[in-house]
Asks: 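Mind having a look at this structure? Questions to follow.
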Protein chains: 2
Amino acid sequence: MELSERKKKILAAVVDEYIKTAEPVGSKTILQTCDLNCSSATVRNELAELVGMGFLEQPHTSAGRIPTALGYRIYVNELMERQKLSIEETEEINRGLNEKLRQLGTVVSNVGTLAANLTNYTAMAFSATMACTVTRYDLIYVDANTFIIVAMLSNNSVKNKLVNLPISVGQDMIVRLSSAFNANFTNITEEKITPLLIRATERAIDDTMGLTGVVASFAIEVLTSEKATQSYLAGANHLLNQPEYRDPGKAHALMSYLSDNPPLQSIDVSEISPDDGVRVLIGPENVAEELKDSSVIVASYDAGDNTKGLIGVVGPTRMDYSKVAAKLSLIASALSARLGGGSEPPPGLHNKLIVKGDIHEP
Amino acid sequence: MELSERKKKILAAVVDEYIKTAEPVGSKTILQTCDLNCSSATVRNELAELVGMGFLEQPHTSAGRIPTALGYRIYVNELMERQKLSIEETEEINRGLNEKLRQLGTVVSNVGTLAANLTNYTAMAFSATMACTVTRYDLIYVDANTFIIVAMLSNNSVKNKLVNLPISVGQDMIVRLSSAFNANFTNITEEKITPLLIRATERAIDDTMGLTGVVASFAIEVLTSEKATQSYLAGANHLLNQPEYRDPGKAHALMSYLSDNPPLQSIDVSEISPDDGVRVLIGPENVAEELKDSSVIVASYDAGDNTKGLIGVVGPTRMDYSKVAAKLSLIASALSARLGGGSEPPPGLHNKLIVKGDIHEP
DNA sequence: TATTAGCACTCGAAGGGCGAGAGTGCCAAC
DNA sequence: GTTGGCACTCTCGCCCTTCGAGTGCTAATA
């Protein structure tokens with residue numbers, strides 16, 4: 001079914017206006033915002049037809065019109081003008097990214113906070129890594145009671161741990177331990193590190209003190225955590241900005257849902273539009289009951305090293321799709337450029353050398 | 001001014017009841033909850049006197065009484081029975097701590113989430129570390145284009161970074177670099193690592209490729225980040241549970257304040273009661289305007305390695321002081337035991353060995 | 001046939017009045 | 001010092017009315 005040019009104009013005007021004011025918009029208001037050469041009566045006729053088609057609805061017989069989920073969908077797909085971010089806004093995002101990424105700590109939480117701040121909506125960040133293995137162990141002998149485990153992973157990140165022993169251990173033992181691990185524990189996934197393997201190694205290197213077990217459980221812990229997904233909720237306060245969450249019950253329900261089950265998990269990455277890297281889920285298009293009258297905008301980024309990340313923003317269906325989508329898209333692609341290919345040097349570091357990998361903190 | 005035994009009983013009853021119901025409590029209700037051998041009229045007289053003394057107030061002439069900030073203060077200081085947590089509750093906290101600490105990642109955010117979950121209030125966690133230095137550098141040669149920096153800090157944590165070089169570097173250079181850093185860059189604070197020192201070292205080891213700079217800036221970054229404080233807000237949704245934040249404007253204002261300026265920063269650690277390690281700030285006792293009608297309960301823990309941490313809980317002045325204080329106190333001391341002295345082995349690891357320090361992740 | 005002007009109509013939001021109920025304050029008696 | 005009793009106060013919830021924005025419809029018009 002094709003919409004006439006005028007209907008499109010009117011539908012777009014309703015959505016735009018409703019996004020701004022959160023109140024049903026009437027025929028007169030439409031006349032003021034977009035210049036159609038006709039009277040309010042004509043607009044009313046058109047509005048009535050749009051209601052019939054399912055793009056608009058009226059809360060009460062004599063109120064203005066508000067968009068339905070379908071209406072928003074048409075708007076997002078065809079009608080809305082793709083926002084160009086102003087230079088200031090682009091600058092702001094880049095500045096934010098530079099600052100946030102320079103600070104150490106989990107990228108995920110920083111990105112979440114950043115997205116929330118920049119869009120003024122509640123944001124979630126999410127990242128998942130594929131299974132990986134340890135490619136190399138280094139055990140650093142510190143003193144008779146102390147050594148450091150350093151493990152290099154297949155995704156090029158490095159993990160370490162300081163181990164204090166209640167008894168003395170010779171440097172030779174550490175060396176033996178190290179070569180045993182490099183021989184038997186590299187390039188295997190976490191499940192392959194069995195008690196059997198540990199027992200065998202202990203016998204092989206004559207380890208009576210359980211050192212093998214310590215290093216092995218470190219490896220298991222690291223690999224498990226690497227597989228684990230991280231998620232983060234930021235800017236919950238922005239929810240309360242929106243009049244549709246005026247009812248504390250609703251706000252509470254949604255917020256609790258968001259803190260417990262980050263909805264980004266259920267999003268199929270393959271469905272993200274390839275051209276701008278953004279996906280919009282409007283109201284009932286969300287599977288979760290709690291999100292049926294909210295919208296979610298998601299962008300995916302490539303965090304390098306086998307890791308895919310998602311950033312999303314949650315708000316009322318009456319959301320500034322155009323602006324938020326533009327911002328998320330920019331954030332995602334800037335992130336991919338910084339974290340992903342590694343072709344660009346990370347900001348704020350020597351540019352003589354390509355320094356890859358992150359600083360790790362406890 | 002001394003309160004009669006009966007006045008104390010009545011005041012306690014009012015606070016207890018109001019904490020439960022959030023509604024002004026009348027003389028009859030008091031008679032039901034605590035058995036005083038007198039009539040409601042007598043209670044009314046006592047109530048009137050308590051109002052006169054400033055411990056209670058009435059919202060309207062003919063409503064029941066609610067506690068004033070002063071009333072809560074007396075209650076917290078003298079009246080409330082120090083809750084003994086049930087075995088189940090203690091278990092729950094310990095289980096929570098074990099799980100949360102086994103998961104990798106920042107302790108701060110986990111502790112915050114845990115406190116929020118266990119108390120059903122909004123929680124904040126905060127930690128600050130004293131200045132520290134690098135005590136030892138190890139540079140691990142991986143291949144001609146790659147090496148790993150491992151730095152041991154004076155607070156016994158270990159940091160690392162993987163460096164990729166666009167050009168080849170010999171193993172001998174890495175060794176020279178390593179000994180130079182151990183000679184000149186250990187035990188100095190971040191400010192002492194000057195361009196001058198870097199230049200001098202470069203000349204000394206014949207480094208024309210800026211390697212010294214890379215390692216030095218890593219050291220600076222690590223030391224700076226170690227000084228930095230972390231803070232974290234969790235369980236924002238619990239705020240909306242409380243009827244006093246029914247008004248979305250209020251809820252929003254408080255939540256925004258909490259996300260932007262974690263109020264724990266301003267808390268003077270020295271004022272925390274030494275016996276249970278908890279401090280209670282009631283309503284107007286808070287300096288921040290936004291917290292004037294909320295209460296904050298804070299506990300401090302020792303995260304070991306020169307690090308002090310705070311966990312706090314924010315809620316309406318009508319807060320379950322007794323239970324929350326007990327829980328926070330337990331969480332804090334359990335945390336101190338685990339992170340602090342190092343006298344106890346961390347959970348879930350070999351108990352043959354004392355393993356200290358954390359696993360670090362990107 | 002599409003558009004317009006006009007008019008009656010509908011419905012929600014806002015405001016005022018009313019009754020019920022909870023709880024007090026006070027007084028006189030014990 | 002305590003008690004029973006009674007009049008008083010104030011809020012909350014309810015219903016009613018009014019007001020106004022915006023519609024739907026119809027008949028006239030280009």
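All chains are named by letter (A, B, ...) in the order of the sequence lines, taking the proteins before the strands, and each is independently numbered beginning at 1.
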Asks: Measure from CD on Glu5(B) to P on dG1(D) and round the result to the nearest Å.
Replies: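 About 17 Å, once rounded to whole Å.
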
Asks: Please give, in whole Å, the distance from dC8(D) C1' to His60(B) NE2?
Replies: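 It is 16 Å, rounded to the nearest whole Å.
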
Asks: With a 4.0 Å cutoff (strictly under), does any side-chain N or O of Gln58(B) reach OP1 or OP2 of dC10(D)?
Replies: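 So the side-chain polar atoms of Gln58(B) never come under 4.0 Å of the phosphate oxygens OP1 or OP2 of dC10(D).
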
Asks: Which whole-number value in Å describes the distance from Ile66(B) CD1 to dC10(D) P?
Replies: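 About 17 Å, once rounded to whole Å.
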
Asks: In whole angstrom, give the distance that lies between atom CD of Glu49(A) and atom P of dG24(D).
Replies: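 Nearest whole value for this atom pair: 12 Å.
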
Asks: Nearest whole angstrom, please: distance from the P of dA22(C) to the CG of Leu47(B).
Replies: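 After rounding, the reported distance stands at 18 Å.
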
Asks: Hey, does the side-chain of Ser62(B) have a donor or acceptor N/O within less than 3.5 Å of a partner on the base of dT9(D)?
Replies: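 Result: at least one qualifying N/O pair found.
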
Asks: Base of dG1(D), side chain of Arg44(B) - is there a donor-acceptor contact under 3.5 Å?
Replies: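 No pair found.
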
Asks: Any side-chain N or O of Thr42(B) less than 4.0 Å from the OP1 or OP2 oxygen of dT3(D)?
Replies: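 Yes.
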
Asks: With nearest nucleotide decided by heavy atoms, which residue, Glu46(B) or Pro59(B), maps closer to the 5′ end of DNA chain D?
Replies: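 Result of the comparison: Glu46(B).
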
Asks: Could you tell me which residues satisfy side chain to side chain contact (heavy atoms under 4.5 Å, CB included) with Asn286(B), sequence neighbours excluded, listed by chain and number?
Replies: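 Once residues adjacent in sequence are excluded, the partners of Asn286(B) under the side chain to side chain contact (heavy atoms under 4.5 Å, CB included) criterion are Leu281(B), Leu291(B), Val296(B).
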
Asks: Measure from CG on Leu50(B) to P on dT24(C) and round the result to the nearest Å.
Replies: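 It is 12 Å, rounded to the nearest whole Å.
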
Asks: Heavy-atom nearest nucleotide on DNA chain D for Val43(B) versus Ala41(A): which residue maps closer to 5'?
Replies: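 This one resolves to Val43(B).
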
Asks: Give the residues of residues 10-40 of chain B touching DNA chain C, defined as any heavy atom closer than 4.0 Å, sorted by residue number.
Replies: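 Going residue by residue through residues 10-40 of chain B, the ones with a heavy atom under 4.0 Å of DNA chain C turn out to be Gly26(B), Ser27(B).
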
Asks: Provide, to the nearest angstrom, the distance between the CG atom belonging to Asn45(A) and the P atom belonging to dT26(D).
Replies: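 One finds 12 Å between P of dT26(D) and CG of Asn45(A), rounded.
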
Asks: Is any side-chain N or O of Arg65(B) closer than 4.0 Å to OP1 or OP2 of dG23(C)?
Replies: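 No, no such contact exists.
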
